Asks: 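Following this message is one structure expressed as structure tokens.
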Amino acid sequence: MTEQELRNAMTAHGDTVYRLALCRLQNAADAEDVYQDVFLRLLEQRTAGWDGGHLKAWLIRTTLNRCADLGRSRRRQGGTLSLEEVPDLARPVDDQSAELWDAVARLPEKLRTAVHLFYGEGYESGEIGVLLGVPAATVRSRLSRARVELRNLLGGFDDGESVSQIDGRHPYTRRAE
């Protein structure tokens, strides 16, 4: 890979790599380390013939792998920093979004990653499944569980009702009408 191709990749996909690392690790310094490692690894790759989709998928998969490596290392060493140390550029602009993403940050890692890739990066469940190495149905289950957790964290229905009790349907099923 040439230096110019690397710069182009960093410009096009650097935010995605950083946000995903931050989502996974919940630590700005670690996310910056992962960002640097991922792009250093990309520099060593032979990328001739890669299209934009392949490059982005490689970057996401490499980011996830590097986060897992770093997470294992951190668990052995102990200690992490709070999300308060996250730079302002990574924080949502409005208070409502900030509250939502703060709640997402409290989700278990597998749910948090699925939410980030689906809502933050715009991937479909099948694509996320390929990136994570799990079936698409598992991704959909994680997203469903994440929505329930977020509803609980954000004070969803106060009187204990669920969406299905309100309108008689499961909240996430798609019905042909």
Side-chain angles (χ1 to χ4, degrees), residues 1-77 79-94 97-98 100-140 142-143 146 150:
M1 170 167 270
T2 67
E3 185 178 331
Q4 186 59 45
E5 289 172 328
L6 179 65
R7 286 183 186 181
N8 291 343
M10 291 173 77
T11 300
H13 306 294
D15 288 345
T16 297
V17 169
Y18 180 76
R19 283 190 314 261
L20 180 58
L22 188 60
C23 172
R24 283 296 279 241
L25 300 170
Q26 298 189 340
N27 180 300
D30 289 345
E32 291 169 2
D33 288 345
V34 167
Y35 176 93
Q36 183 177 6
D37 289 347
V38 166
F39 284 105
L40 285 173
R41 290 178 185 187
L42 178 62
L43 187 58
E44 298 168 353
Q45 291 293 309
R46 291 192 180 118
T47 59
W50 286 14
D51 64 11
H54 183 88
L55 174 62
K56 187 174 181 181
W58 185 92
L59 289 168
I60 287 174
R61 184 71 248 163
T62 304
T63 301
L64 291 169
N65 288 340
R66 184 62 187 118
C67 288
D69 294 344
L70 194 57
R72 282 189 292 273
S73 172
R74 294 287 183 222
R75 280 191 292 280
R76 278 185 249 131
Q77 294 173 357
T80 59
L81 301 175
S82 72
L83 280 176
E84 296 305 315
E85 297 179 10
V86 174
D88 289 336
L89 63 97
R91 293 199 177 274
V93 176
D94 61 40
S97 293
L100 174 62
W101 286 106
D102 285 345
V104 169
R106 292 187 300 227
L107 293 173
E109 184 176 308
K110 289 180 180 182
L111 302 183
R112 190 172 62 239
T113 300
V115 167
H116 177 77
L117 290 173
F118 188 80
Y119 293 105
E121 300 300 330
Y123 280 95
E124 297 292 326
S125 59
E127 296 169 316
I128 296 169
V130 170
L131 291 170
L132 299 178
V134 299
T138 300
V139 173
R140 289 189 297 274
R142 289 177 183 176
L143 289 169
L150 288 171

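Only a predicted model underlies this, so the values are computations on that prediction, with no experimental measurement involved. Residues: numbered from 1 along the sequence shown.
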Asks: Would you mind telling me which of Leu22, Leu25, Asn27, Asp69 makes a side-chain contact (heavy atoms from CB on, under 4.5 Å) with Val34?
Replies: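 Among Leu22, Leu25, Asn27, Asp69, the one that satisfies the side-chain contact (heavy atoms from CB on, under 4.5 Å) with Val34 is Leu25.
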
Asks: Are Leu20 and Glu121 packed together at the side-chain level, in the sense that at least one heavy-atom pair is separated by less than 4.5 angstrom?
Replies: no

Asks: Using the side-chain hydrogen bond (donor to acceptor under 3.5 Å, both in side chains) criterion, which residues pair with Glu124? Sequence neighbours excluded.
Replies: none

Asks: Donor-acceptor pair, distance only, cut-off 3.5 Å: does the side chain of Arg112 make one with the backbone of Cys23?
Replies: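 At least one qualifying donor-acceptor pair exists.
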
Asks: Walk me through it: do Leu132 and Arg142 pass the test side-chain contact (heavy atoms from CB on, under 4.5 Å)?
Replies: CA-CA 12 Å; Leu132 299 178; Arg142 289 177 183 176; 3.9 Å; yes

Asks: Quick one: side-chain contact (heavy atoms from CB on, under 4.5 Å) partners of Thr2, sequence neighbours excluded?
Replies: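 Counting only residues at least two positions away or on another chain, Thr2 forms a side-chain contact (heavy atoms from CB on, under 4.5 Å) with Gln4, Glu5.
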
Asks: Should the pair Trp50 and Trp58 be assigned to parallel (<30°), tilted (30 to 60°) or perpendicular (>60°) ring geometry?
Replies: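 Ring orientation of Trp50 relative to Trp58: tilted.
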
Asks: With sequence neighbours excluded, what pairs up with Thr62 under the side-chain hydrogen bond (donor to acceptor under 3.5 Å, both in side chains) test?
Replies: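 Checked Thr62 against side-chain hydrogen bond (donor to acceptor under 3.5 Å, both in side chains); zero matches.
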
Asks: Got a sec, which residues hit side-chain contact (heavy atoms from CB on, under 4.5 Å) with Ala136, two or more places apart in sequence or on another chain?
Replies: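 By the side-chain contact (heavy atoms from CB on, under 4.5 Å) rule, Ala136 matches Ser125, Arg140.
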
Asks: Step by step, work out the side-chain contact (heavy atoms from CB on, under 4.5 Å) result for Lys110 and Val134.
Replies: CA-CA 11 Å; Lys110 289 180 180 182; Val134 299; over 6 Å; no

Asks: So which pairs with a foot in residues 43-60 pass salt bridge (Lys or Arg N to Asp or Glu O under 4.0 Å), sequence neighbours left out?
Replies: none

Asks: With sequence neighbours left out, what residues match Arg7 under salt bridge (charged side-chain N to carboxylate O under 4.0 Å, His left out)?
Replies: Glu3

